[in-house]
Amino acid sequence: MPELPEVEVVRRGLEPLLSGRRVQSVHCAVPALRYPLPDLGVLVGHTCQHITRRAKYLQFEFDHDFLLAWHLGMTGQFHVLTSNAPKAKHEHVRIDFTDGSSLRYRDTRRFGYAGLMSVSDWQSHAWFRELGPEPLLDVFDGEYLYERCRNRKAPIKHVLMNAKAVVGVGNIYASEALFRAGIHPACKAGRVSRKRMHILVQHVKEILCEAIDAGGSTISDFVQVDGKPGYFAFGFQVYGRKGEACPRCGHVIRRKVQAGRSTFYCPGCQH
DNA sequence: CTGAAGACCTGCCTGC
DNA sequence: TGCAGGCAGGTCTTCA
């Protein structure tokens, strides 16, 4: 489901509802999502202090050095309800707080996963150790990406989606950013010029910011914490638009499968 | 080493 | 109406 903008929208929704709340009880309806769930019972009696984000992971920071890292996979959703609200379908985890609020995790496909680590040392955890830079930080710039792609024969779209190169850019935003930059998704990464790499990076940053401001993208099942959809999907220029006319040059937008993922592009203005 | 493909799991849509 | 097949926003593992 979510790429970086969607995870950030969820983080911003959860932060004011959960920070400062103390855990009263934890219920797991299943032993595992994608991986076995950690023993969340250790959080009982502890207070959620901040919710942060790294790549597509939400990080719930508790007192006493507990950090709960959570990846939403494709269909994971968090909702904050009251503790007496009924259990929804595919609701796998609930964390009740002493003030009566209740954090629910739903995940139809169960591709999500969670782990407990320490606030002071999460960077060394296997999930985080080898991640590339955050795309919205200044260290991610055209020069960085150009150097990262040198001699790489993989398609530029694969590099954009590779979390070791840069985090948070998934299938949708990779397609859209390449369209805006006029770069063909199958173009070998090592053959994109320095100048075009600068342009591409600018578009990646722009599109992620626009999507965050719009509350994320909803194609089928992304919702914000309050249940509202995201609105950015209305702004897609190529994603999901196979057969339609390119908004820029009028050529017919094509869909092709790259490494098992759908890629949408305009053969007229992406080279 | 790199890159491609399969696996995880469920639901929805399409076409026969 | 029913059913097979394809498809879905992520990431890890396996294989060539």
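Values in this document were obtained by computation on a predicted structure and should not be read as measured data. Here is how names work: the chains are called A, B, and so on, in the same order as the sequence lines, proteins then strands, and each is numbered from 1.
Between A/L208 atom CG and C/dG9 atom C1' the separation is 13 Å, expressed in whole Å. A/E6 places its CD atom 16 Å from the P atom of C/dA8, with the value rounded to the nearest Å. Atom NZ of A/K242 and atom C1' of B/dT14 are 13 Å apart (whole Å). One interatomic measurement links the two molecules: CE of A/M161 to P of B/dA4, which rounds to 12 Å at whole-angstrom precision. If you measure from atom CG of A/D107 to atom C1' of C/dA8, you get 13 Å, rounded to the nearest angstrom. One interatomic measurement links the two molecules: NE2 of A/H158 to P of B/dC1, which rounds to 20 Å at whole-angstrom precision. Rounded to an integer number of Å, the gap from CZ of A/F128 to P of C/dC12 is 11 Å. C/dT11 atom P lies 6 Å from atom OH of A/Y57, rounded to whole Å.
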Checklist outcome for this item: Dot-bracket assigned to DNA chain B with the 3.5 Å Watson-Crick/G-U criterion, [ ] for crossing and | for other-strand pairs, is .|||||||.|||||||
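For B/dC9, the base is not stacked against the aromatic ring of A/F111, per a cut-off of 5.5 Å between centres and 30° between planes.
Side-chain atoms of A/D63 come within 3.5 Å of backbone atoms of A/T47 as a donor-acceptor pair (strictly under, hydrogens ignored). Between the side chain of A/E134 and the backbone N or O of A/A55 there is at least one donor-acceptor pair closer than 3.5 Å.
Residue contacts shown for A/G260 are absent, as no nucleic acid heavy atom lies under 4.0 Å away. Across all strands, A/Y173 comes closer than 4.0 Å to no nucleic acid atom at all (heavy-atom distances).
OP1 and OP2 of C/dT11 both lie 4.0 Å or more from every side-chain N or O belonging to A/Y113.
With sequence neighbours excluded, no residue forms a salt bridge (charged side-chain N to carboxylate O under 4.0 Å, His left out) with A/E61. For A/H90, the side-chain contact (heavy atoms from CB on, under 4.5 Å) partners are A/H92, A/T108, not counting sequence neighbours. With sequence neighbours excluded, no residue satisfies side chain to side chain donor-acceptor pair (under 3.5 Å) with A/S19. Residues that satisfy the side-chain contact (heavy atoms from CB on, under 4.5 Å) test with A/S102, not counting sequence neighbours, are A/S83, A/R94, A/D96, A/R104. A/D213 meets the side-chain contact (heavy atoms from CB on, under 4.5 Å) test with no other residue; sequence neighbours excluded.
For A/H71, the listed nucleotide lying nearest its side chain is C/dG10; candidates were C/dC12, C/dA8, C/dG10. Comparing atom distances between the A/P155 side chain and each of B/dA4, C/dG9, C/dT11 picks out B/dA4 as nearest. Taking only side-chain atoms of A/K56, from C-beta outward, the nucleotide of B/dG3, C/dG9, C/dT11 with the closest atom is C/dT11.
Aromatic rings from A/F179 and A/F236 are positioned such that their centres are separated by 6.0 Å or more. The distance between the ring centers of A/H271 and A/H184 does not fall below 6.0 angstrom.
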For residues 135-143 of chain A, which side-chain N or O atoms pair as donor and acceptor with protein atoms under 3.5 Å away, sequence neighbours left out?
| residue | atom | partner | partner atom | Å |
| --- | --- | --- | --- | --- |
| A/D141 | OD1 | A/E143 | N | 3.3 |
| A/D141 | OD1 | A/Y144 | N | 2.8 |
| A/E143 | OE1 | A/R194 | NE | 3.2 |
| A/E143 | OE2 | A/R194 | NE | 3.3 |
| A/E143 | OE2 | A/R194 | NH2 | 3.2 |

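Spacing of P atoms, B/dG11 relative to C/dT11, comes out at 22 Å, to the nearest Å. Taking the P atoms as reference points, B/dC9 lies 16 Å from C/dT14, given to the whole Å.
You'll find the side chain of A/D107 stays beyond 4.5 Å of the side chain of A/Q77, heavy atoms only. Within the 4.5 Å cutoff, the side chain of A/P38 has heavy atoms near those of the A/L40 side chain.
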Pairs under 3.5 angstrom, nitrogen or oxygen only, protein versus nucleotides 3-5 of chain C, please.
none

Measure all distances between protein nitrogen or oxygen atoms and nitrogen or oxygen atoms of nucleotides 10-13 of chain B, and list the pairs falling under 3.5 Å.
| residue | atom | partner | partner atom | Å |
| --- | --- | --- | --- | --- |
| B/dT10 | OP1 | A/R110 | NH2 | 3.0 |
| B/dG11 | OP1 | A/H90 | NE2 | 2.8 |

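The residue from A/L178, A/L208, A/V204 that alone fulfils the side chain to side chain contact (heavy atoms under 4.5 Å, CB included) condition with A/Y173 is A/L208.
Applying the 4.5 Å side-chain rule to ILVMFWY residues, one finds A/Y35, A/Y57, A/L67, A/Y113, A/V119, A/W122, A/W127, A/F128, A/L131, A/V167 in the same cluster as A/M117. Its side chain outside the 4.5 Å cluster rule for every partner, A/I199 clusters with none of the Ile, Leu, Val, Met, Phe, Trp and Tyr residues.
Each of A/R261 and A/R255 lies near DNA chain C, and the nucleotide nearest A/R255 is the one positioned closer to the 5' end.
For the segment residues 26-39 of chain A, residues with any heavy atom less than 4.0 angstrom from an atom of DNA chain C are, sorted by number, A/R34, A/Y35.
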